[in-house]
2 protein chains.
Amino acid sequence: MPSHPVPDIVVGRLPVYLRALTAMTQEGKVITSSQELATRLGFTSAQIRKDLSHFGEFGKQGLGYNIPFLSEQLRHILKLDRIWGVVLVGAGDLGRALANFQGFQERGFEIRIVFDSNPAKIGQSLGRFVIQDIDQLVPSLHESDIRIAMLAVPARVAQEVTGRLVEAGIRAILNYAPTTLSVPSGVFVQNIDPAVHLQRMTYYLLEHD
Amino acid sequence: MPSHPVPDIVVGRLPVYLRALTAMTQEGKVITSSQELATRLGFTSAQIRKDLSHFGEFGKQGLGYNIPFLSEQLRHILKLDRIWGVVLVGAGDLGRALANFQGFQERGFEIRIVFDSNPAKIGQSLGRFVIQDIDQLVPSLHESDIRIAMLAVPARVAQEVTGRLVEAGIRAILNYAPTTLSVPSGVFVQNIDPAVHLQRMTYYLLEHD
DNA sequence: CAGTGTGAAGAGGTTCACAGCG
DNA sequence: CGCTGTGAACCTCTTCACACTG
């Protein structure tokens, strides 16, 4: 619990650090250093030390960082020392991929319910879920402790669905719809649009084929 | 063609501007202002004007921006005034979702070939593609003009596949594998890891329920 | 006179460099 | 003696505020 506010860009790097630490653990490593992490992740060692220093002193001078300990600390900072329930909206191909993805659980998340608006899909199963009617979204979620949504619907309905999600108490949205969502303050959005990510790289590609 | 180098963070916002302009066109709008774009996207109008000013003068004082003209300029800047061929590696659920996604084409991309390493999948079809043997990746791509890859394989093989992609002349990788890739300079990577994006938001969520 | 384009000022983020500790 | 943690310096990015123009 830092007394100074932590830059969001720093918060954004912590999950990447945690992911690397988890991989190192699987490789049997127990100790690492800011330099080793930096080389592996393409950051500088000073940046990693500075980032961590916002939250406490997790290393030992002359020695480095204990990987299980630092992992635990990062999980605590990111509030991953629990499982967050997640609602998935949209049961298309992308929704199916997300619903079937094995790997959310071990990283702190569990999809608990899936909605779609297509009458032909409602009642059908998607992986281990039965697809629910989106008109039940607000009442269903309001009684739950779910605060996180994954939005995998077409862009044209994304804002309308977002309104319902917010009304239902959702506070964090992972938005796969290729549009910018408008949300009240206190609601957080992360956007994943493959075309946007690709277009960010074409700028740097050379002209000739 | 700016004489000063453009900050990457500015380049990263251009696709978002372009996406909004495209949506405005579909809404029948022809003129906009930095203020209108800013409100819609959650930026400041000064930032939008400053970002665009790196590349030229696209607006009319007192009037604003002509949407078709600005869109065309952005497409040119981002080298989207052509279709980029893309290779997809990984024919799992996510690969299927990407292969079936209608919407790359209109934003400048076209998946041209799909690889997987699973012998049970090679030769099978995935949407309009026949899945190719990943051992043919290097020779197949080397003769093509494909410079962009989408990587939808498990983390444990992502680095090995990346080596092959680079060897095959790939210069931009959209990485869905939950691991940090190491690439030579001149190769660009964008990472999409839903857990990382979610974990970035849990930091801000309140403790209680 | 509305709205762009832009130097200048202000914030914010990164890197340096080294004291200090195990 | 190696590596962390951290003020200070540096650099980058954002915002301000206004001259300018259609």
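Just so it is clear, the values below take in all heavy atoms, side chains as well, and ignore hydrogens, waters and symmetry mates.
Between B:G62 and A:R49, it is B:G62 whose nearest contact on DNA chain C lies nearer the 5' terminus. With the nearest nucleotide of DNA chain C identified for both B:Q35 and A:L63, B:Q35 has the one nearer the 5' end.
With 3.5 Å as the limit, one finds a donor-acceptor pair spanning the side chains of A:Q35 and A:T39. Defined by atom type and a distance below 3.5 Å, a donor-acceptor pair is present between the side-chain atoms of B:T180 and A:R19.
Relative to the side chain of B:R13, the nucleotides D:dT21, D:dT14, D:dC3 differ in distance, and D:dT14 lies closest. For B:T44, counting side-chain heavy atoms from C-beta on, the closest listed nucleotide (C:dC21, D:dC20, D:dT15) is D:dT15. For A:E57, the listed nucleotide lying nearest its side chain is D:dG5; candidates were D:dG5, C:dT15, C:dG5.
In this structure, the CD1 atom of B:I48 is 9 Å from the P atom of C:dT4, given to the nearest Å. Between the CD1 atom of B:I67 and the P atom of C:dG3 there is a distance of 14 Å, rounded to whole Å. Taking atom CD1 of residue A:I9 and atom P of nucleotide D:dT12, one finds them 14 Å apart after rounding to whole Å. Distance B:N66 CG to D:dG22 C1': 15 Å, rounded to the nearest Å. In this structure, A:H4 atom NE2 and D:dG7 atom C1' are separated by 12 Å, rounded to whole Å. Rounded to an integer number of Å, the gap from CZ of B:F55 to C1' of C:dG5 is 15 Å. Summarising the geometry, the separation between CD on A:Q47 and P on D:dT6 is reported as 16 Å, rounded to the nearest angstrom. The nearest whole Å value for the distance from the NZ atom in B:K50 to the P atom in C:dG7 is 7 Å.
The residue B:S45 sits apart from the nucleic acid: no heavy atom pair falls under 4.0 Å.
The shortest distance between the side-chain N/O atoms of B:S33 and the OP1/OP2 oxygens of C:dG3 is not below 4.0 Å. Side-chain nitrogen and oxygen atoms of A:Y65 include none within less than 4.0 Å of the OP1 or OP2 phosphate oxygen of D:dG2. Side-chain N/O atoms of A:S34 include one lying less than 4.0 angstrom from OP1 or OP2 on D:dT4.
Remark: A:K79 is positioned above the aromatic ring of B:Y203, its terminal NZ or CZ atom under 6.0 angstrom from the ring centre and at most 45 degrees off the axis.
Aromatic ring orientation, A:F188 versus B:Y204: parallel (interplanar angle below 30°, classes split at 30° and 60°).
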(request) Take B:R75 and B:T22 through the test side-chain contact (heavy atoms from CB on, under 4.5 Å) and record every step on the way to the result. (result) CA-CA 11 Å; B:R75 278 194 206 95; B:T22 303; 4.0 Å; yes

